[in-house]
Amino acid sequence: MAEYIVKNGFVVDPVTGVNCEKMDVAVKNGKIVDASEAKKAKVIDASGCVVMAGGVDLHSHSAGPKVNVGRNIRPEDKLTGKVAAKGVKRMEAGFSVPTTSKSGYVLSRMGYGFAMEAAMPPLYARHTHEEMRDIPIVDMGALPVFGNNWFVMEYLKNNEIENTASYIAWLLRVTKGYGIKNVNPGGTEAWGWGMNCLTPDDPVPYFDVTPKQIIKGLIEANEYLRLPHCMHLHSNSLGEPGNYETTIASLKCAEGIKANNDFGREQVLHHTHLQFHSYGGESYASKSFESKSKEVMDYVNSAPNISFDMGQVTLDETTTMTADGPFEYHLSHMNHLKWANTDVELETAAGVVPFIYSPKTFIAVAQWAIGLELALYAKNMEKVNLTTDAPNAGPIHRYPRVIKWLMSEKARNDLLDSAKYGDKVRDRCYIGEIDRELTLMEIAQMTRSGSASCLGLSHMFGSLKPGMEGDVVVYPYNPETDTDDPEKIEYAFGNAKYFLKGGDLIIDDGEIISNGNKRTFWVNSKTEMTEQVERDVSERFKRYYTVSQNNYEVKESHYVPNPYVIEVESA
């Protein structure tokens, strides 16, 4: 493997505290090393550029059945963004739901080396892994969904944390999953009965368990297993006016619980796409709907064991998709566009609906403002992660545009001034009061060190200190001379000049020259199945599932050809 030394760039690394200092970064045998150890290194000239560790995306949707449903019901989406194959690079296509090859190339151009598929239906884990296998360059993992799982709800109804943890450990092993995802706890199962759970105290039909019990129980099971990532929550009442009280009540389920792991993770609950959960008012009418980002962030800032990602609306036409089946059904009746919903046997459900976040509407611009407010009110940038919940609030390739809005008050004001209801948004939201502009160091925390820490991967990703993975990106942005134009920020973070992934040169002077050697990360919890769980799994597969256990397991040899297994043992 070739050695490289990236010379004379402005290095930004929150872990080592290096903030725009001109220095060299060396990579040898796939790892970051001290520059003095790279004796025969090829030189990459980063003069006038910013140098960071590879980005870590902890929540997006790029693989799995609902992603493919999005591609199938929206062939028009594929007509946008076509790029012909060139050299080693495969053809790219798609805007909000890109092809697998484009997903990898987009992430690489943005300098990302790791991405988490944030919702994997266990029954369709094989297909999810097939698509992840086909996404080039970027290391990936996937989070199986547990919040509406029949086994989990029955065990938690009886406060059986050991059986819950035993079942989760087994399911992570057989599906090659990474951690615990919890979507609309109890509400998606209730949708099967024509209902929903809108608050943490609404009982789930038939199971007689509440969302609050599911949230708290899954946190406790996560810490029992000592998993690298914390419990990953999409709480109830997503997208509903007035839902901020439900959000805060859900976050409070983590109170008094301490992290228990060997990966340096401090949080026990990560709340995803918080923008969709920070609304005030009683309806979507402009006289009622309002931002409650400040109220939500007052609580988040006071809770050291909680993190979140933004779910930033980018004001694009996109394709929404989520395991929150009742929300997608509701959304389809609001916009009257085509839609699909699916129930996944004993495990979860999902829906897919196209959506247009038009800058000509009050609600879309208010949603845009609320997402930015959450990040701009954050006190600890290690606990807030930059996402668009791609493709739900916007396509993944808009991350650089979000960075521009976070770093430039002028860019934010330009958008509000050009929006039809910009003044109304300033009136109903906090965005007009905020003059904070995030620094490159804070952006690196949101996209590198913080995300890696939350996933329990801070020993591999998120920093340029010696011993870390050789993921290094060079952005064509000069922090001394390019600060006058916010458009330079967006261009730079979407067009890496050089990108080293695991020590291999992937992007050379702006051109993709390699498809890399991507890996799939999964967690092997060595917790044994209890007799109760073993009996329950066997009995329910025979009675309820349409497949047998033999047709359920994800085999590494075919579906995960290049695995990276993280071994954990419960206390």
Validation row: [X], [Y] side chains within 4.5 angstrom (heavy atoms):
X    : Y    : answer
W405 : L376 : no
S291 : I431 : no
I566 : V568 : yes
L374 : M310 : no
S449 : E382 : yes
I370 : Y279 : yes
K252 : Y299 : yes
L251 : F308 : no

**Request:** Kindly confirm or rule out a cation-pi arrangement of R448 over Y112, judged by NZ or CZ under 6.0 Å from the six-membered ring centre and within 45° of its axis?
**Result:** yes
Side-chain ion pair, [X] and [Y], N-O less than 4.0 Å:
X    : Y    : answer
R412 : E373 : no
D77  : R71  : no
E220 : K216 : yes
E531 : R535 : no

**Request:** May I ask you to check whether W339 and Y329 place their ring centers less than 6.0 Å from one another?
**Result:** yes
As an exercise, state the distance from [atom1] of [X] to [atom2] of [Y], rounded to the nearest 0.5 Å.
X    : Y    : atom1 : atom2 : value
L455 : L58  : CG    : CG    : 5.0 Å
L172 : W522 : CG    : CH2   : 9.0 Å
I248 : S278 : CD1   : OG    : 8.0 Å
N335 : L337 : CG    : CG    : 4.0 Å
N222 : S525 : CG    : OG    : 10.0 Å
H129 : K555 : NE2   : NZ    : 13.0 Å

**Request:** Measure the acute angle between the ring planes of Y357 and F276, then classify it against the limits of 30° and 60° as parallel, tilted or perpendicular.
**Result:** tilted
**Message:** In terms of relative ring orientation, are Y552 and W170 parallel, tilted or perpendicular, with 30° and 60° separating the classes?
**Reply:**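 Correct class here is parallel.
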Would you say [atom1] of [X] has more than 12 non-hydrogen atoms from neighbouring residues, nucleotides or ligands within 6.0 angstrom?
X    : atom1 : value
E553 : CD    : yes
Y421 : OH    : no
E130 : CD    : yes
E282 : CD    : no

**Asked** With respect to R398, which candidate in T314, T388, D316 satisfies the side chain to side chain donor-acceptor pair (under 3.5 Å) definition?
**Response**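 Of the listed options, the one satisfying the test is D316.
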Of the non-hydrogen atoms in [X] and [Y], which two are nearest, and what is the gap between them?
X    : Y    : answer
N385 : S451 : ND2-OG, 3.1 Å
Y377 : K294 : OH-CE, 3.3 Å
S332 : V353 : CB-CG2, 4.0 Å
A364 : S358 : CB-O, 3.2 Å
F263 : P228 : CD1-CA, 3.5 Å
I396 : D57  : CD1-OD2, 3.7 Å

Indicate whether any N or O donor in one side chain lies under 3.5 Å from an N or O acceptor in the other, for [X] and [Y].
X    : Y    : value
N236 : T246 : no
S60  : S62  : no
T348 : N148 : no
H127 : N68  : yes
Y167 : N149 : yes
T199 : D202 : yes
E189 : W150 : yes

Check for a donor-acceptor pair, side chain of [X] on one end and backbone N or O of [Y] on the other, with a separation under 3.5 Å.
X    : Y    : value
N305 : I257 : yes
N184 : D324 : no
K383 : P304 : yes
Q367 : Q275 : no
K66  : A350 : no
R74  : T318 : yes
N301 : K379 : yes
N261 : G264 : yes
T164 : E160 : yes
E117 : A63  : yes

**Message:** Going by ring-ring contact (aromatic ring centres under 6.0 Å, His included), name the pairs with one or both residues in residues 209-241, residues two or more places apart or in two chains.
**Reply:** H59-H232, H229-H232, H232-H270, H234-H273, H234-H277
**Item:** Verdict with reasoning, F521 to L457, per side-chain contact (heavy atoms from CB on, under 4.5 Å)
**Value:** CA-CA 10 Å; F521 283 51; L457 293 172; 4.1 Å; yes
**Request:** Give the C-alpha distance, both sets of side-chain angles, the deciding distance and a yes or no for side-chain contact (heavy atoms from CB on, under 4.5 Å) between F95 and H397.
**Result:** CA-CA 9 Å; F95 181 76; H397 63 265; 3.5 Å; yes
**Prompt:** Which salt bridge (charged side-chain N to carboxylate O under 4.0 Å, His left out) pairs, counting each pair once, include a residue from residues 142-154, with sequence neighbours left out?
**Reply:** E154-R540
**Request:** Show your reasoning for whether side-chain contact (heavy atoms from CB on, under 4.5 Å) applies to H61 and V97.
**Result:** CA-CA 9 Å; H61 303 283; V97 198; over 6 Å; no
**Request:** Tell me, with the steps shown, if V209 and I214 meet side-chain contact (heavy atoms from CB on, under 4.5 Å).
**Result:** CA-CA 7 Å; V209 64; I214 297 172; 4.2 Å; yes
**Complete:** From the list V402, I363, L315, side chain to side chain contact (heavy atoms under 4.5 Å, CB included) with W368 holds only for L315
